[in-house]
Undergrad: 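Take this structure first; my questions come after.
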2 protein chains.
Amino acid sequence: MLLNQTAEYAFRAMAYLASRADLDSAVPSAELAEAANIPGHYVSKVMRRLVVAGLVSSQRGHGGGFRLLKEPREISFSTILQATDLDPRNQRCAFGFGQCDAERPCHLHPAWSRLKESFNGWAESTTLASVHDNPEPWKDAP
Amino acid sequence: MLLNQTAEYAFRAMAYLASRADLDSAVPSAELAEAANIPGHYVSKVMRRLVVAGLVSSQRGHGGGFRLLKEPREISFSTILQATDLDPRNQRCAFGFGQCDAERPCHLHPAWSRLKESFNGWAESTTLASVHDNPEPWKDAP
DNA sequence: CCATTTCCGGATGTATAAGTCCACTGATCG
DNA sequence: CGATCAGTGGACTTATACATCCGGAAATGG
């Protein structure tokens, strides 16, 4: 619930990119797969979305790989979710029917709005800079 | 995202049960399917979970159906989520690996905790009583 | 009792997400 | 240039959630 598998991968990959000392060096997909615990052959699928969304750049050939296009603190979780087609902004009301909206709300619409607002707030106010909030390095994971 | 399809059905079914004037009369699955917009043959699957969880009772035979076992205000969204195997309390950290927990948190664990706390708070503080917050009746949906 | 109603639950089918595979393209280095 | 490296993207397979089907069991009413 909350996040799907592909979004999780995207977050971990982005967090890994943001956690490295040299943000300008390229990280090949094999390293990303290992570091962010993403199935080897699935990395390219995940990263492609982030490239298309303009969050990371990709480079082919020797010495190529992926790198962040912005500062970690400029990349909100919301933009990562948008890149993985989970844009929290256009989620329909889970409780009403197709036509439930602000003008013709269902019985539970206020409850839905509260949830959505709090999720949106979280996604927009949290950025990759929070990678540095926590001292535990990724490498500690066995 | 946020809620899966089965959980949505469960919420709508529960909301319909809570919305009726006579809470003690039984509602057959055919009526639930119609009212809560659940695929006809899938209603029993959804309702079974709610029965097992002790939120509703079921009765077979003529005049049978489902009815709430508690007052709407006693039924929190959290208990409905638990009934549909989406217990928000035991969701692992989406950002860390398998071994990410409070003692050995990953880089993004604080961000995850904030999200989880806010979701838990919402699910526990919202009840089916909120069905009456909104004047729009379900029947208005074409 | 018997007929009917309604839930029960396993077996089965379908849609979508997740994951794999591979031939291709572009970049780099010697 | 030729060898190698690394992302690209389409085709394919697998896993999981969603949905359907149907025989059966309990409850009710006549």
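Both backbone and side-chain heavy atoms feed into the values below; hydrogens, waters and symmetry mates do not. Letters go in sequence order (proteins before strands), and every chain restarts at 1. This structure is a prediction, so every number in the text was calculated from the model and none was measured.
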Undergrad: Please confirm whether the backbone N or O of Ala123(B) pairs with a side-chain atom of Thr126(B), one donor and one acceptor, at under 3.5 Å?
TA: no
Undergrad: What I'd like to find out is whether the side chain of Leu17(A) reaches to under 4.5 Å of the side chain of Leu23(A), using heavy atoms alone.
TA: no
Undergrad: Could you write nucleotides 22-30 of chain C as a row of B, S and -, 5' to 3', where a protein heavy atom under 4.0 Å of any base atom gives B, of only sugar-phosphate atoms gives S, and otherwise -?
TA: ---BBBSS-
Undergrad: Quick one: are Phe77(A) and Leu108(B) in side-chain contact, heavy atoms under 4.5 Å?
TA: yes
Undergrad: Map Gln5(A) and Lys45(B) onto DNA chain C by nearest heavy atom, then report which one ends up closer to the 5' terminus.
TA: Lys45(B)
Undergrad: How many whole angstroms separate atom OH of Tyr42(B) from atom P of dT12(C)?
TA: 19 Å
Undergrad: Rounded to the Å, how far apart are Arg49(B) CZ and dC8(C) P?
TA: 14 Å
Undergrad: Please list, in 5' to 3' order, the outermost nucleotides of DNA chain D lying under 4.0 Å from any heavy atom of chain A.
TA: dC5(D) to dA11(D)
Undergrad: Does Ser58(B) put a side-chain nitrogen or oxygen below 4.0 Å from OP1 or OP2 of dC7(C)?
TA: no
Undergrad: How are the rings of Phe11(A) and Trp122(A) set to each other: parallel, tilted or perpendicular (split at 30° and 60°)?
TA: tilted
Undergrad: Would you mind reporting whether Ile80(B) and Leu128(B) have side-chain heavy atoms less than 4.5 Å apart?
TA: yes
Undergrad: For the pair made of OH in Tyr9(A) and P in dA17(C), what is the distance, rounded to whole Å?
TA: 15 Å
Undergrad: In Å and rounded to the nearest 0.5 Å, what is the CG to CG distance from Asn4(B) to Asn4(A)?
TA: 12.0 Å
Undergrad: Which distance, rounded to the nearest 0.5 Å, do you find between the CG of Asn37(B) and the CG of Leu32(B)?
TA: 12.0 Å
Undergrad: CG of Leu3(A) versus P of dA17(C): gap in Å, rounded?
TA: 15 Å
Undergrad: Would you mind listing every salt bridge (Lys or Arg N to Asp or Glu O under 4.0 Å) that reaches into residues 18-32 of chain A, with sequence neighbours excluded?
TA: none
Undergrad: Starting the side chain at C-beta, find the nucleotide from dT20(C), dA18(C), dC8(C) nearest to Arg48(B).
TA: dC8(C)
Undergrad: Figure out the CZ/P separation between Phe66(B) and dT6(C), and round it to whole Å.
TA: 12 Å
Undergrad: Please report the C-alpha distance between Leu81(B) and Phe119(B) in whole Å, then the side-chain angles of each, then the deciding distance to 0.1 Å, and finally whether the side-chain contact (heavy atoms from CB on, under 4.5 Å) criterion is met.
TA: CA-CA 11 Å; Leu81(B) 288 172; Phe119(B) 186 81; 3.8 Å; yes
